[in-house]
Number of protein chains: 2
Amino acid sequence: MPNRAAASDSGVPVGSALSIGDLANAAETKPVTIRYYERMGLLPVPPRTSSNYRAYSEVHLHRLRFIRRCRDLGFTLEQVEDLLTLSSDEHRDCAEVDRLAAAHLVAVQTKIADLTRLAEQLRQISRSCRGRRTIANCRIIEALSPQ
Amino acid sequence: MPNRAAASDSGVPVGSALSIGDLANAAETKPVTIRYYERMGLLPVPPRTSSNYRAYSEVHLHRLRFIRRCRDLGFTLEQVEDLLTLSSDEHRDCAEVDRLAAAHLVAVQTKIADLTRLAEQLRQISRSCRGRRTIANCRIIEALSPQ
DNA sequence: GCTTGACCCTATAGTGACTATAGGGTCTAG
DNA sequence: CTAGACCCTATAGTCACTATAGGGTCAAGC
């Protein structure tokens, strides 16, 4: 946490606003991506400085980190939006969020199974090359052609 | 119930030519995808019938199946092109093909590892929901927020 | 004061591997 | 002769960015 020491926002409007580059560094992403999220309506439009630079606050950083974390976990931006909407209502049923996460887990597990099968096939294909020298008597291409 | 059956067109030596739909069925893909591969230069441009329909032969089917199989194995179209080029030279060293397959295997294994870690995190997130009722005291959103 | 270079802005186009849509033409069974 | 399944082209859309072009802003060093 190399950021934000005090900054209790009482009175002073913007102690030190974050530039888009600061925000990008703090959330381990890039300015273009942040602008993209803004265009997509995932990040609220920030105020601008006199020179038209975006001026972000901690609220933006928190939300952006949430988005990035969800993306890292493989959620689509649409799912992230759902999660953000759900989380904005304190009284909403927690189960709905859980359902989303669980459904995603199933998708991930399916993908792992698929890739595991695929890896086995690739190992077999590699094995079929042993001891051959040229394409003419290599079995890889045939292994790649079904039947 | 219309079927296109075997419209014996021009005197093509190999039995009857395949329509794009036939080819799609035979390779378990779709006409649009086949046209896309043609545009991308992966499938040779086929002759046309008098009514401007594409007329494919077994050679096209073999090549298309190869492409689809490679795609199913997770190769990019660029890699598929490389494999096709390699396989066209009978005297080329087999090791190069093997290297491609091996490199791809590593990429697949990395992805499996990533997804496995991700699945574990999702399971934890789901666990953190147990016994809560509303977002207000559910820990999922916090679990999704880093730190 | 001036330059350098790192940063910021917008708008547009490109990526990969398709998918969808619009607006037609062809073929064949009933 | 018509319904509807198939074929054609061309264009735009998808997802989540990434790249490019063509500018404006700002702090540091000379």
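Lettering of chains follows the sequences in order, A, B, ..., and the numbering in each one begins at 1. In this text, all values refer to a predicted model and were calculated from it rather than measured experimentally.
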- Query: Using a cut-off of less than 4.0 Å, is there contact between a side-chain N or O of A:T33 and OP1 or OP2 of D:dT18?
  - Reply: yes

- Item | Side chain of A:R48 (C-beta onward), nearest among C:dT10, C:dT19, D:dT18 | C:dT10

- A:H60 side chain near A:L18 side chain, heavy-atom distance below 4.5 Å: no

- Message: With a 4.0 Å limit, can you tell me whether B:Y37 has a side-chain N or O closer than that to the phosphate oxygens OP1/OP2 of C:dC18?
- Response: yes

- Measure the distance from CD1 on A:I67 to C1' on D:dC17 and round it to the nearest whole Å. 14 Å

- Message: What's the closest nucleotide to the side chain of A:P31 if the choices are C:dC8, C:dC9, C:dC27?
- Response: C:dC8

- Message: Nearest 0.5 angstrom please: B:D114 CG to B:Q109 CD, how far?
- Response: 12.0 Å

- Task: Report the nucleotide, chosen from D:dC17, C:dT26, C:dC18, that has the shortest atom-to-atom distance to any side-chain atom of B:S51.
- Result: C:dT26

- Message: If I take atom CD1 from residue B:I112 and atom OG1 from residue B:T116, how far apart are they, to the nearest 0.5 angstrom?
- Response: 7.0 Å

- What distance do B:H104 atom NE2 and B:Q79 atom CD have between them, rounded to the nearest 0.5 Å? 6.0 Å

- Report the distance from atom CZ of B:R39 to atom C1' of D:dT9, rounded to the nearest whole Å. 10 Å

- Query: What's the spacing between B:Y37 OH and B:L77 CG if we round to 0.5 Å?
  - Reply: 5.5 Å

- Query: D:dA5 P sits how many Å from B:N25 CG, rounded?
  - Reply: 15 Å

Between the protein and nucleotides 2-7 of chain C, which nitrogen or oxygen pairs come in under 3.5 angstrom?
none

- Rounded to whole angstroms, how far apart are CG on B:N52 and C1' on C:dC27? 15 Å

- Message: Between A:T49 and A:V32, which residue's closest nucleotide on DNA chain D lies nearer the 5′ terminus?
- Response: A:V32

- Note on the structure: Distance col, row B:L43:CG vs B:L23:CG, nearest 0.5 angstrom, shows 7.0 Å

- Query: Out of D:dT18, D:dC17, D:dT25, which nucleotide sits closest to the side chain of A:K30?
  - Reply: D:dT18

- When the distance from CD of B:E38 to P of D:dT9 is rounded to whole Å, what number comes out? 7 Å

- Separation between CG (A:D98) and CG (A:L105), nearest 0.5 Å, reads 10.0 Å

- Message: What is the separation between atom CG on B:L43 and atom P on C:dA17, rounded to the nearest whole Å?
- Response: 15 Å

Do any N or O atoms of the protein come closer than 3.5 Å to N or O atoms of nucleotides 13-15 of chain D, and which pairs are they?
none

- Message: Can you measure B:L42 atom CG to C:dC18 atom C1' for me and round it to whole angstrom units?
- Response: 13 Å

- Message: Quick one about B:T85 and B:D82 (side-chain donor to acceptor, distance below 3.5 Å, no hydrogens or angles considered), yes or no?
- Response: no

- Query: Taking the side chain from A:R54 and the backbone from A:R35, do they hold a donor-acceptor pair closer than 3.5 Å?
  - Reply: no

- Any side-chain heavy atom of B:I67 within less than 4.5 Å of one from B:L84? yes

- Message: So, does A:R35 get its side chain near the phosphate of C:dC9, meaning an N or O under 4.0 Å from OP1 or OP2?
- Response: yes

- What is the distance from CG of A:L64 to P of D:dA16, rounded to the nearest Å? 15 Å

